[in-house]
Amino acid sequence: AQSVTQLDSQVPVFEEAPVELRCNYSSSVSVYLFWYVQYPNQGLQLLLKYLSGSTLVKGINGFEAEFNKSQTSFHLRKPSVHISDTAEYFCAVSKAGGTSYGKLTFGQGTILTVHP
Amino acid sequence: DTEVTQTPKHLVMGMTNKKSLKCEQHMGHRAMYWYKQKAKKPPELMFVYSYEKLSINESVPSRFSPECPNSSLLNLHLHALQPEDSALYLCASSQSSGKRVYNEQFFGPGTRLTVL
């Protein structure tokens with residue numbers, strides 16, 4: 001089984017500052033890794049995913065993440081945040097090479113609050 | 001059309017009521033999912049349908065009954081629910097090509113259910 005730990009439940013940051021949201025995972029098999037964002041009263045939107053290849057993954061809205069297999073981490077970063085980035089962010093893992101519909105296991109979420 | 005729609009947006013029901021949640025997508029996806037999300041928690045997978053057949057049931061109580069009448073539609077029938085079943089119910093869909101590749105899940109906005 002896979003598990004995900006998001007190390008920070010809340011991250012406050014000022015507008016235009018850089019931010020890092022931390023995610024560690026545990027798995028005995030190869031995994032796919034994802035970051036999703038959830039705005040208030042909305043569903044989840046995929047920010048980026050790591051399936052294979054380059055360990056630095058770029059996503060939408062200026063976010064990027066780096067897969068570190070030795071540290072079993074997949075931290076999300078943005079060099080300059082906006083007020084509109086205020087949302088909850090979920091890291092998720094799926095077993096690699098399984099069926100084409102992947103069962104996602106989510107972390108507990110990190111609430112990012114961007115202050116003016 | 002890259003949208004997953006869910007109706008109703010809000011639902012309040014008593015413990016003796018029978019109600020249904022509806023999810024629809026027109027992206028040609030053949031895998032559809034139900035997730036349950038409690039407040040301040042990550043989504044938890046309930047059911048997965050692939051090609052209109054139930055593929056995963058995460059030991060969900062029988063008071064929740066899923067139905068996939070066609071490739072575009074997914075229902076969740078509710079009967080004799082408990083107050084602790086109050087949550088946001090999210091639907092998602094993805095391609096299901098039969099190949100061992102990950103297919104992104106697209107989420108709907110959810111139905112917020114309150115059981116009195």
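A, B, ... follow the sequence lines: proteins, then strands. Residue 1 opens every chain. Quick note: numbers below take in every heavy atom, side chains included, and nothing from hydrogens, waters or symmetry partners.
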**Prompt:** For chain A, which residues of residues 67-92 of chain B have at least one non-hydrogen atom nearer than 4.5 Å to it?
**Reply:** B:Leu88, B:Leu90
**Prompt:** Would you call B:Arg30 and B:Glu52 a salt bridge, using N to O less than 4.0 angstrom?
**Reply:** yes
**Pair A:Phe63 and A:Tyr89, ring centroids less than 6.0 Å apart** = yes
**Asked** Are the ring centres of A:Tyr36 and B:Phe107 closer than 6.0 Å?
**Response** yes
**Request:** May I ask you to decide if B:Pro8's main-chain N or O and B:Thr111's side chain share a donor-acceptor pair within less than 3.5 Å?
**Result:** yes
**Message:** Could you check whether A:Asn24 and A:Ser26, counting side-chain N and O atoms only, form a donor-acceptor pair closer than 3.5 Å?
**Reply:** no
**Message:** Do B:Gln6 and B:Glu24 pair up side chain to side chain, a donor and an acceptor below 3.5 Å, judged on atom types alone?
**Reply:** no
**Message:** Counting only non-hydrogen atoms closer than 4.5 Å, does B:Glu58 touch chain A with its backbone (N, CA, C, O), its side chain (CB onward), both, or neither?
**Reply:** side chain
**Prompt:** From B:Lys36 NZ over to B:Glu44 CD, what is the distance, rounded to the nearest 0.5 angstrom?
**Reply:** 7.0 Å
**Request:** Using non-hydrogen atoms and a 4.5 Å limit, figure out which bit of A:Gln42 sits close to chain B: side chain, backbone, both or neither.
**Result:** backbone
**Asked** Non-hydrogen atoms of chain B under 4.5 Å away: do they reach the side chain of A:Gln45, the backbone, both or neither?
**Response** neither
